[in-house]
Amino acid sequence: MTAQSALTFKTTRSASPKSQAERDAILANPGFGKYFTDHMVSIDWSVDRGWYDAQVKPYGPLSLDPAASVLHYAQEIFEGLKAYRHADGSVWTFRPQANGLRMQRSAQRLALPELPVDAFVESLKQLVSVDQVWVPSAPDTSLYLRPFMIANESFLGVRSAQQAAYYVIASPVGAYFAKGVAPVSIWLSSEYARAAKGGTGAAKCGGNYAASLLPQQEAYANDCPQVLFLDPIEGKYLEELGGMNVFLVKKDGTLLTPSLSGSILEGVTRSSLIQLAKDRGHKVEERKISIDEWIDGFASGDVVEAFACGTAAVVAPISCLKGRNFVAGNPNAPAGEVTMSLRKELTDIQNGLKEDRHGWLVRLA
């Protein structure tokens, strides 16, 4: 470990944690992102001191000066990953080093300090070791971990902040979509783009998600829980959904997914599914995919499945694509065989039910 990452965590336990009865009631029906554990992690940073004052402390409000940079220039980034309860009671997470590296890339793009990957992983271990009673054990449940970093220097000039803070909070969760693991309809945004070339599309920052919220409202108005964006230059190639990557499956078993163009987030679930598909002998093509290839492929039978993927939903089968004046696919179509088989393999690995051939799991508690 480098001097920067050799942090010693101080733990201060909550004086008023949830009672077992309160916690049990939450874990019986957690929803997604509605409830939070008793503690959180905080680590401070300054240009002079580097990373310092690592703590596990009671969950509670942050105190920010009204002039804090994050409030004016959106200088912030975040990550998302899950902790899983295995049958023996132990708690594991999935590929946290990949999330730590991605957070470093996001930090570079947003001119924030890079937290060492080993300190990132250690922050997860520290929080889960204190709050491990919050990790649910029912099927399709987990403890969602949300690391994030904000610029908290009080300064109104337009430059990168010289003070920042890193936090981790945790939330017990169930299925991401209200209907659980069921096929969803996706709305095609024809007016808005998620990110531009040279922008922040490859970083995991709040501004990307804020930009998706208005077209997401349009999706809801058309009975679709997610929105699909096209490339910002020609408006004809698939990019990603508001919060997930997208795949198509051809009738010969080939998987198609948009290549990483600089405006697409490099999903950890995306890369994991690519590896699992290749392990099975599937051909995987990462390339430009036009919206016409999807629509015409569904019509001809050349494209037989579509799915979205991300940490929150893991894998979400797509039944149809809707847009202004068209519907591609059938809203009542069942989930695809390849889609659900890959989902099961991935979740079985995460939950300790299948061999972890690639060494992706890391024990937290």
Side-chain angles (χ1 to χ4, degrees), residues 175-190 194 212 215-216 218-220 222-231 235-261 264-265 267 269-278 280 282-347:
Y176 183 71
F177 292 116
K179 295 182 179 179
V181 185
V184 296
S185 298
I186 301 299
W187 178 255
L188 176 66
S189 177
S190 57
R194 174 184 169 273
S212 75
Q216 182 69 57
E218 186 179 37
Y220 290 146
N222 287 277
D223 298 320
C224 296
Q226 273 287 321
V227 61
L228 172 70
F229 294 99
L230 300 177
D231 75 280
K236 61 185 289 188
Y237 296 104
L238 308 185
E239 289 263 295
E240 64 175 270
L241 277 65
M244 292 183 281
N245 297 116
V246 64
F247 281 81
L248 304 180
V249 183
K250 300 181 71 174
K251 65 181 179 182
D252 66 359
T254 299
L255 271 68
L256 309 179
T257 193
S259 53
L260 300 174
S261 61
I264 297 175
L265 185 69
T269 306
R270 173 188 181 275
S271 64
S272 304
L273 291 169
I274 289 173
Q275 183 62 62
L276 293 179
K278 289 180 176 179
R280 296 177 173 197
H282 287 279
K283 182 181 179 182
V284 181
E285 296 180 7
E286 297 179 68
R287 60 171 173 81
K288 283 187 173 182
I289 305 165
S290 71
I291 188 62
D292 288 340
E293 185 173 357
W294 184 343
I295 295 171
D296 295 344
F298 258 106
S300 69
D302 187 46
V303 174
V304 293
E305 299 179 33
F307 64 87
C309 66
T311 297
V314 189
V315 171
I318 297 172
S319 57
C320 76
L321 177 68
K322 297 181 180 180
R324 297 190 188 281
N325 305 315
F326 82 89
V327 175
N330 180 352
N332 299 313
E337 182 179 343
V338 173
T339 298
M340 296 308 291
S341 178
L342 284 171
R343 184 188 191 280
K344 185 178 189 306
E345 183 175 5
L346 180 58
T347 56

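In this text, all values refer to a predicted model and were calculated from it rather than measured experimentally.
Put simply, the side chain of L230 reaches to within 4.5 Å of the side chain of L188, judged on heavy atoms. Counting only heavy atoms from C-beta outward, the side chains of S272 and L346 approach each other to under 4.5 Å. Within the 4.5 Å cutoff, the side chain of Y176 has no heavy atoms near those of the V314 side chain. Put simply, the side chain of V184 does not reach to within 4.5 Å of the side chain of Q226, judged on heavy atoms. At a threshold of 4.5 Å between non-hydrogen side-chain atoms, the residues N245 and L273 do not count as touching. In this structure, M340 and P317 have side chains that are in contact, with non-hydrogen atoms separated by less than 4.5 Å. No side-chain heavy atom of L256 sits under 4.5 Å from any side-chain heavy atom of L238. When side chains are defined from C-beta on, I274 counts as touching E286, because their heavy atoms get closer than 4.5 Å.
S190 OG to L228 CG: the interatomic distance, rounded to the nearest 0.5 Å, is 11.0 Å. Rounded to the nearest 0.5 Å, atoms OG (S212) and CG (L241) are 10.0 Å apart. Distance check, rounded to the nearest 0.5 Å: CD1 of I264 to CZ of R270 gives 7.0 Å.
Considering every non-hydrogen atom in both T269 and C309, the closest pair reads CG2-CB, 3.9 Å. Nearest heavy atom pair, residue A313 against residue F177, reads CB-CE1, 4.0 Å. P183 approaches A333 most closely through the heavy-atom pair CG-O, 3.5 Å. Among all heavy-atom pairs drawn from V284 and A277, the shortest one is CG2-CB, 3.9 Å. When all heavy atoms are compared, the tightest approach of A306 to L248 is CB-CD2, 3.7 Å. Minimum interatomic distance between I318 and I186 (heavy atoms only, all atoms of both residues): CG2-CG1, 3.6 Å.
Partners of K283 according to the side chain to side chain donor-acceptor pair (under 3.5 Å) rule, which considers only residues two or more places apart in sequence or in another chain, are E285. Residues passing the salt bridge (Lys or Arg N to Asp or Glu O under 4.0 Å) test with K236, sequence neighbours excluded: none. Listed by chain and residue number, nothing satisfies the side chain to side chain donor-acceptor pair (under 3.5 Å) test with R343 (two or more places apart in sequence, or in another chain).
Legend: side chain to side chain donor-acceptor pair (under 3.5 Å) pairs involving residues 289-304, not counting sequence neighbours, sorted by first then second residue: R287-E293. Among pairs with a residue in residues 235-256, those fulfilling ring-ring contact (aromatic ring centres under 6.0 Å, His included) read F247-F307, at least two apart in sequence or across chains. Applying the side chain to side chain donor-acceptor pair (under 3.5 Å) definition to pairs two or more places apart or across chains, those involving residues 304-323 are E305-T339.
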query: Which is it for I289 and V246 under the side-chain contact (heavy atoms from CB on, under 4.5 Å) test, yes or no, and what are the steps along the way?
result: CA-CA 11 Å; I289 305 165; V246 64; over 6 Å; no

- request: Please test E337 against V304 for side-chain contact (heavy atoms from CB on, under 4.5 Å), starting from the C-alpha separation and ending with a verdict.
  value: CA-CA 10 Å; E337 182 179 343; V304 293; over 6 Å; no

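No donor-acceptor pair closer than 3.5 Å links the side chain of E239 to the backbone N or O of R194. Under a 3.5 Å cut-off, the side chain of N222 and the backbone N or O of G323 do not form any donor-acceptor pair.
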